[in-house]
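These notes concern the structure reproduced below.
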Amino acid sequence: MASDGARKQFWKRSNSKVPGSIQHVYGAQHPPFDPLLHGTLLKSTPKVPTTPVKAKRVSTFQEFESNTSDAWDAGEDDDELLAMAAESLNTEVVMETAHRVLRNHSQRQTRPALQEVPAPKQEPEPAAEPLAAPSGDLRLVKSVSESHTSCPTESASSVVPLQRSQSLPHSATVALGGTSDLSTLGSSALSEREASRLDKFKQLLAGPHTDLEELRKLSWSGIPKPVRPITWKLLSGYLPANVDRRPATLQRKQKEYFAFIEHYYDSRNDEAHQDTYRQIHIDIPRMSPEALILQPKVTEIFERILFIWAIRHPASGYVQGINDLVTPFFVVFICEYIEEEDVAAVDVSSVPAEVLRNIEADTYWCMSKLLDGIQDNYTFAQPGIQMKVKMLEELVSRIDEQVHRHLDQHEVRYLQFAFRWMNNLLMREVPLRCTVRLWDTYQSEPEGFSHFHLYVCAAFLVRWRKEILEERDFQELLLFLQNLPMPAGVTRTSSLLLAEAYRLKFVFADAPNHYKK
C-alpha cells in the first residue's frame with residue numbers, strides 16, 4: 001500500500017493553485033463555494049451506508065481512467081446523458097459514493113471476471129416524462145467502469161447497458177431505468193420527451209418571478225431552442241427575474257445602446273480610433289458562419305457592437321478573439337424570428353429593421369455581461385489567458401501525466417495550442433451549434449466562462465489522448481492540437497465533452513480536498 005506521502009503526491013503534485021481550490025478568480029461574477037461558510041449544507045442528508053470492502057489501492061489514476069475512457073462510445077440521447085443540474089450534490093453522499101467506486105474498482109481487479117450486482121427493481125417510467133428527483137434524493141448511478149465491463153461468455157441480450165459516471169446526480173440518468181435500450185426509442189417518444197422538457201421551461205418562465213437557481217439547474221443539460229433567447233438573457237443577468245420589470249428594462253437598455261451609437265460611432269474614423277475600427281473591419285469576415293457574417297447588414301451590426309464595446313472599455317479595447325464572442329448571442333436571438341434550421345443560410349434582409357435593432361442591442365448587452373467576467377483575458381498582455389493556460393497545464397499534469405509528459409518530451413508548450421482555446425472560448429474548435437450547446441451549460445455554471453471552461457479544455461485532451469500519444473513529431477502533434485477532428489454528431493459531441501468536464505471537475509477539484517483526510 002502506498003504511503004501517505006505518495007498518496008498526497010498523487011492528488012496534488014505542487015503547491016501552486018489549480019482549478020477547484022477555494023480561491024477568488026479575478027473577474028469572476030460569483031465567489032467559489034466555501035464548505036466552511038456553507039457547513040450546514042453538508043448535513044442535509046444522512047450518510048449512505050455501504051458494505052465494508054477490503055480494497056487494494058489503485059496504483060495510478062490512469063489505470064482507472066483506462067476503464068472509463070470508453071464512455072465516449074456511448075450513444076445515449078443528450079437528455080439522458082446530461083440532466084446533471086437538477087439537484088445539487090450533497091458532499092457526504094458524493095464522497096461516500098466516490099470511495100465506494102474506488103473500492104469496488106480495486107476489488108474487481110482481483111477477480112477473474114466481473115460479477116455484476118443486480119440493481120434494485122424499479123417501476124418503469126414513461127420516456128416522455130423523466131422523473132424529477134425530489135429535494136434530498138441524491139442517489140448516484142453506478143460508475144462506467146462497473147457497468148460497462150461484461151464477461152466474454154455473456155450473450156448480447158444480457159449485456160448491461162452503459163450508465164453514466166459516478167459523479168453525475170441520479171436525476172441525470174433516471175430515465176435509463178425505464179428502458180433497456182435507448183436506441184429502440186421511436187421518434188415520437190423523443191419528441192414527447194422534448195415537449196415535456198420544453199413545458200418545464202415554460203412553466204418556470206411563466207411565473208411572476210423566475211427562480212434563477214432552478215432555471216440554471218434545468219438549463220445545465222441544454223436549453224430548448226424556443227426558450228433559449230429569453231433563458232440566455234436571464235442567465236446572463238441582462239433581464240431581471242421579475243416578469244413585470246422586463247419590458248421596461250428591455251426598452252431602457254435598447255435605448256441606452258443606441259444613444260451610445262449616436263454619441264460614439266461617428267468617431268470611428270478619428271485618428272485615435274481608426275486603427276481599432278480597421279482591425280474590427282478586417283476580423284469580421286473571418287468569423288463563422290461565413291455566409292451569415294458576410295451579409296452587409298450583419299457586418300454593420302457586428303462592427304457597431306464591437307466598436308462601441310471597445311470605446312467603452314479602454315482598459316482592454318478591441319482584441320482579436322472578442323469578435324467571435326458576438327456570434328452565438330446574435331444567432332440565438334435572431335433564431336427567435338426565423339424558421340430556417342440552417343442559420344448560415346438566413347437572409348437577414350428579410351428580418352424587419354426594428355427587430356434587427358432590438359437584436360443588436362440585446363447582443364451587445366449580453367456580450368458585455370460575458371466579458372465582464374473574463375475581461376482580464378483581453379487587457380494588456382492578456383494576463384487572464386496566461387493564467388488560465390498555466391492552470392490548464394497543471395490540471396492536465398494531474399489528470400493524465402502520460403499526456404502531459406508526452407507534450408513536454410516533444411517540446412509542445414500549452415500556450416501554443418491552448419491560447420486560442422481561451423481567447424476564442426473554443427469558437428474555432430467546434431461547430432457553432434456545439435458552441436451554443438456549451439454556452440447553455442456555461443451560463444448555468446457559476447464562473448462558467450472563467451472556470452468551468454478549463455475543465456472542458458482538459459476534456460478535449462482526454463477525448464483525444466490516444467491520437468495525441470500516437471503523434472511523435474513536434475509539427476504533427478502541434479498541428480493536430482490546433483485542428484482537432486470533430487465528430488459529425490454535434491449534440492452528442494458537446495454532451496460528451498460536458499459530461500467529461502463535469503467528471504474531471506468532481507474528481508480533480510472537489511475530491512482531493514476530502515481525500516487529504
Side-chain angles (χ1 to χ4, degrees), residues 13-14 16 18-19 60-62 65-66 69-73 279 282-290 293 319-325 327 374 377-378 381-435 438 453-490 492-494 496-497 500-501 504 508:
R13 304 186 184 280
S14 69
S16 59
V18 296
T60 63
F61 181 78
Q62 280 70 37
E65 179 69 20
S66 66
S69 60
D70 52 4
W72 291 98
D73 299 327
Q279 189 62 55
I282 292 172
D283 288 344
I284 287 177
R286 303 171 180 172
M287 295 163 58
S288 176
E290 293 182 1
I293 301 304
V319 178
Q320 288 178 303
I322 295 178
N323 55 311
D324 285 308
L325 307 185
T327 306
I374 58 172
N377 284 10
Y378 306 105
Q382 298 181 266
I385 292 181
Q386 301 280 350
M387 178 185 67
K388 290 180 177 66
V389 171
K390 185 65 178 177
M391 293 169 72
L392 177 65
E393 181 177 357
E394 175 67 16
L395 183 61
V396 174
S397 71
R398 299 168 63 211
I399 291 172
D400 196 326
E401 186 177 8
Q402 187 178 4
V403 168
H404 177 73
R405 189 168 55 248
H406 183 76
L407 296 176
D408 184 63
Q409 288 175 349
H410 291 82
E411 299 182 351
V412 175
R413 303 292 173 252
Y414 283 77
L415 201 63
Q416 294 172 323
F417 63 88
F419 182 90
R420 192 173 74 177
W421 296 5
M422 306 300 173
N423 192 54
N424 304 90
L425 295 179
L426 297 176
M427 279 286 297
R428 300 294 178 92
E429 277 61 45
V430 300
L432 179 61
R433 286 178 58 195
C434 188
T435 297
L438 291 177
H453 178 69
L454 287 169
Y455 293 96
V456 175
C457 292
F460 268 65
L461 298 176
V462 172
R463 169 65 179 88
W464 283 282
R465 75 179 306 274
K466 181 174 179 290
E467 292 82 355
I468 290 172
L469 293 175
E470 288 175 351
E471 295 290 349
R472 300 291 179 178
D473 178 74
F474 166 82
Q475 185 174 353
E476 294 298 324
L477 182 57
L478 187 58
L479 187 63
F480 177 82
L481 290 168
Q482 291 175 340
N483 301 275
L484 295 174
M486 296 304 300
V490 172
R492 181 168 174 264
T493 298
S494 55
L496 291 171
L497 284 170
E500 182 67 16
L504 294 176
F508 291 96

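Heavy atoms only: backbone and side chains are in, while hydrogens, waters and symmetry mates are out. Residues take their numbers from the sequence shown, with the count starting at 1.
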_From Leu392 atom CG to Met387 atom CE, the distance as rounded to the nearest 0.5 Å_ = 12.5 Å
*Does the side chain of Thr327 come within less than 4.5 Å of Thr435's, by heavy atoms?*
no
*Pairs touching residues 470-481 that satisfy side chain to side chain donor-acceptor pair (under 3.5 Å), sequence neighbours left out*: Lys466-Glu470
*Over all heavy atoms of both residues, which pair between Phe460 and Leu484 is shortest? Give the atoms and the distance, please.*
CD2-CD1, 3.0 Å
*To the nearest 0.5 Å, what is the distance between CG (Leu479) and CZ (Phe474)?*
10.5 Å
_Euclidean distance, Ile399 CD1 relative to Glu500 CD, rounded to 0.5 Å_ = 8.0 Å
_With Tyr378 via side-chain hydrogen bond (donor to acceptor under 3.5 Å, both in side chains) - residues at least two apart_ = none
*Quick check: are there more than 12 heavy atoms from other residues, nucleotides or ligands sitting under 6.0 Å from CD of Gln409?*
yes
*Would you say the side chain of Leu461 lies within less than 4.5 Å of the side chain of Ile468, judging by non-hydrogen atoms?*
yes
*Atom pair CZ (Arg286) and CG (Asp283), whose distance is rounded to the nearest 0.5 Å*: 5.0 Å
_The test is salt bridge (charged side-chain N to carboxylate O under 4.0 Å, His left out); show your working for Arg405 and Asp408 and say whether it passes._
CA-CA 5 Å; Arg405 189 168 55 248; Asp408 184 63; over 6 Å; no
_His406: partners by side-chain hydrogen bond (donor to acceptor under 3.5 Å, both in side chains), with sequence neighbours left out_ = none
Side-chain donor-acceptor pairs under 3.5 Å in residues 415-429, sequence neighbours left out?
{"from": "Gln416", "atom 1": "OE1", "to": "Arg413", "atom 2": "N", "distance (Å)": "2.9"}
{"from": "Arg420", "atom 1": "NE", "to": "Glu429", "atom 2": "OE2", "distance (Å)": "2.8"}
{"from": "Arg420", "atom 1": "NH2", "to": "Glu429", "atom 2": "OE2", "distance (Å)": "2.5"}
{"from": "Arg420", "atom 1": "NH2", "to": "Gln482", "atom 2": "O", "distance (Å)": "2.8"}
{"from": "Trp421", "atom 1": "NE1", "to": "Phe417", "atom 2": "O", "distance (Å)": "3.4"}
{"from": "Asn423", "atom 1": "OD1", "to": "Gln382", "atom 2": "NE2", "distance (Å)": "3.2"}
{"from": "Asn423", "atom 1": "ND2", "to": "Gln320", "atom 2": "O", "distance (Å)": "2.8"}
{"from": "Asn424", "atom 1": "ND2", "to": "Asp324", "atom 2": "OD2", "distance (Å)": "2.5"}
{"from": "Arg428", "atom 1": "NE", "to": "Asp324", "atom 2": "OD1", "distance (Å)": "3.3"}
{"from": "Arg428", "atom 1": "NE", "to": "Asp324", "atom 2": "OD2", "distance (Å)": "3.1"}
{"from": "Arg428", "atom 1": "NH2", "to": "Asp324", "atom 2": "OD2", "distance (Å)": "3.1"}

*What heavy-atom pair brings Ala459 and Ala501 nearest, and what distance separates the two atoms?*
CB-N, 4.0 Å
*Please tell me if the side chains of Gln402 and Leu469 come closer than 4.5 Å, counting only heavy atoms from C-beta onward.*
yes
_Looking at every heavy atom in both His410 and Leu477, which two are closest together, and how far apart are they?_
CB-CD2, 4.1 Å
*asked:* Distance check, rounded to the nearest 0.5 Å: Arg398 atom CZ versus Glu393 atom CD?
replied: 13.5 Å
_Approximate separation, where rounding is to 0.5 Å, of His404 NE2 and Glu394 CD_ = 7.5 Å
*So which heavy atom on Ala458 is nearest to which on Leu395, and how close?*
CB-CD2, 4.0 Å
